[in-house]
Asker: 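Below: one structure in structure tokens.
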Protein chains: 2
Amino acid sequence: MKRAKKKAFSDFIAQKGLKSTRQRDIILDFFLSSAQHMSLEDLYLKLRAKHPGIGYATVYRTLKLFAESGIAREIQFGDGQTRYEHVTEGEHHDHLVCTRCGAIAEFENETIEKLQDEVAAAYGFLIETHKLELYGLCAKCRSK
Amino acid sequence: MKRAKKKAFSDFIAQKGLKSTRQRDIILDFFLSSAQHMSLEDLYLKLRAKHPGIGYATVYRTLKLFAESGIAREIQFGDGQTRYEHVTEGEHHDHLVCTRCGAIAEFENETIEKLQDEVAAAYGFLIETHKLELYGLCAKCRSK
DNA sequence: GGCAAACTTGAAAGTGATAATCAATTACAA
DNA sequence: TTGTAATTGATTATCACTTTCAAGTTTGCC
């Protein structure tokens, strides 16, 4: 899992004529072992605790590279923060976002995806990506 | 339609203890007869052509009021611009967004909505709103 | 109509997150 | 080792809002 992503990223780096650096290695390691849906700010602050020398701009640029290489995806939940999600090949999921506590759960539903394809077909539309988010109260917040 | 929304907005204004002004009337008229999914920038520039005296901040604040009153809704398609959609009571639709030309089409699908409810129920989640967008190429852009 | 209080307006300044700049540093092929 | 192209980190710029504030309007009340 982690191995595969490290390989995917180093392949990307090589193929683009970019370089392997200490900072990129550190940020990649950190990203791969961190939680889903961390924002740039989150990641930078936590990373800085262990590696004070790494600058904000470097983290920013490196996360963009992760997204470009396909091992991460940028997502927005409308709170003004770009978050980074781990991407596993061939897998797609959507989100349940708690508007009270901010918790994010993931789900997959093949039937919905199929219906989306039908809608697109009806419009002669070719889907590249989609975004489905359900906003509301999670079980914990509801019970309070 | 337009009548109903004007009434809805003036009721909102009255109920909130706000005032009826020339600017709000102009912006409301303009908004109600403009296209769906206009951004603040779009609306301001087009409006300014007819009414040079109206300031950006006023358009901004008034659109926020429209959203608060329920006659408009803010939506984001990931291009960094907040857009304003006309809201018709009891109606909900989702979007097809062309990544080439920016065209936006709307669709409704009750089966998808029902499946969303099922997903939410499985997680003990209470849906307040949802967001479903299909990104890709519209029929026109595909045929080129 | 005249007034005072409260709300609005428009211009300008402020914010917060993202993106670009640049001199100094580092990686890597030859 | 060396030349050169990429990278880094600090700083500055940008972008799209968002707020501030002095001057102008609206509205209820006499």
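Everything quoted here is computed from the prediction, not taken from an experiment. Lettering of chains follows the sequences in order, A, B, ..., and the numbering in each one begins at 1.
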Asker: Expressed as a whole number of angstroms, how long is the span from I75(A):CD1 to dT18(C):P?
Answerer: 13 Å

Asker: Under a 4.0 Å N-O cut-off, is there an ion pair linking E85(A) with R73(A)?
Answerer: yes

Asker: When you get a sec, tell me which of dA20(C), dT8(D), dT9(C) is the closest nucleotide to the side chain of A57(A)?
Answerer: dA20(C)

Asker: If you take atom types as modelled and just measure distance, does the side chain of R22(A) reach the base of dT25(C) with a donor-acceptor pair under 3.5 Å?
Answerer: no

Asker: Whole angstroms only, please: what is the CZ-P distance between F12(A) and dA6(D)?
Answerer: 14 Å

Asker: Kindly say if T21(A) contacts the phosphate of dT8(D), meaning a side-chain N or O under 4.0 Å from OP1 or OP2.
Answerer: yes

Asker: How is K16(A) classified with respect to the nucleic acid when contacts are heavy atoms under 4.0 Å: base, sugar-phosphate, or nothing?
Answerer: nothing

Asker: Would you check if H51(B) and Q23(B) make a side-chain contact, meaning some heavy-atom pair closer than 4.5 Å?
Answerer: no

Asker: Heavy atoms under 4.0 Å, any strand shown: does Q81(A) hit a base, just sugar-phosphate, or nothing?
Answerer: sugar-phosphate

Asker: Should K64(B) be listed as having a side-chain N or O under 4.0 Å from OP1 or OP2 of dT18(D)?
Answerer: yes

Asker: Do F31(B) and F66(B) have ring centroids that are under 6.0 Å from one another?
Answerer: yes

Asker: Both Q23(A) and G55(B) contact DNA chain C. Which one's nearest nucleotide lies toward the 5' end?
Answerer: G55(B)

Asker: Using atom names, set out every protein N or O paired with an N or O of nucleotides 28-30 of chain D below 3.5 Å, distance rounded to 0.1 Å.
Answerer:
none

Asker: Over how many whole Å does the gap from Y56(B) atom OH to dT20(D) atom P extend?
Answerer: 17 Å

Asker: Mind running side chain to side chain contact (heavy atoms under 4.5 Å, CB included) on I112(B) and Q116(B) for me, showing each step along the way?
Answerer: CA-CA 6 Å; I112(B) 291 179; Q116(B) 288 175 8; 3.5 Å; yes

Asker: Atom NZ of K19(A) and atom C1' of dA6(D): how far apart are they, to the nearest Å?
Answerer: 4 Å

Asker: With nearest nucleotide decided by heavy atoms, which residue, L18(B) or G53(A), maps closer to the 5′ end of DNA chain D?
Answerer: G53(A)

Asker: Are any of the side-chain heavy atoms of L32(B) and H86(B) separated by less than 4.5 Å?
Answerer: no

Asker: dA19(C) phosphate, OP1 or OP2: any side-chain N/O from Y60(A) under 4.0 angstrom?
Answerer: yes

Asker: Please report, rounded to the nearest Å, how far the P atom of dA6(D) is from the CD1 atom of I13(A).
Answerer: 12 Å

Asker: Which whole-number value in Å describes the distance from R83(B) CZ to dA16(D) C1'?
Answerer: 13 Å

Asker: Taking the side chain of L40(A) as its heavy atoms from C-beta onward, which of dT18(C), dT26(D), dT8(D) lies nearest to it?
Answerer: dT18(C)

Asker: Checking L134(A) against Y123(B) for the side chain to side chain contact (heavy atoms under 4.5 Å, CB included) test, could you report, in this order, the C-alpha distance in whole Å, the side-chain angles of both residues, the deciding distance, and whether it holds?
Answerer: CA-CA 11 Å; L134(A) 308 180; Y123(B) 283 79; over 6 Å; no

Asker: I want to check something: taking the side chain as every heavy atom from C-beta on, are Y60(A) and Y44(A) in contact at a cut-off of under 4.5 Å?
Answerer: no

Asker: Check whether any side-chain N or O of T82(A) sits under 4.0 Å from OP1 or OP2 of dT18(C), and answer yes or no.
Answerer: yes

Asker: Flag the pair D25(B) and K6(B) as a salt bridge only when some basic side-chain nitrogen lies within less than 4.0 angstrom of an acidic carboxylate oxygen.
Answerer: no

Asker: Using atom CZ of R61(B) as one end and atom P of dC21(D) as the other, report the distance to the nearest whole Å.
Answerer: 13 Å

Asker: Measure from OH on Y44(B) to P on dG10(C) and round the result to the nearest Å.
Answerer: 9 Å

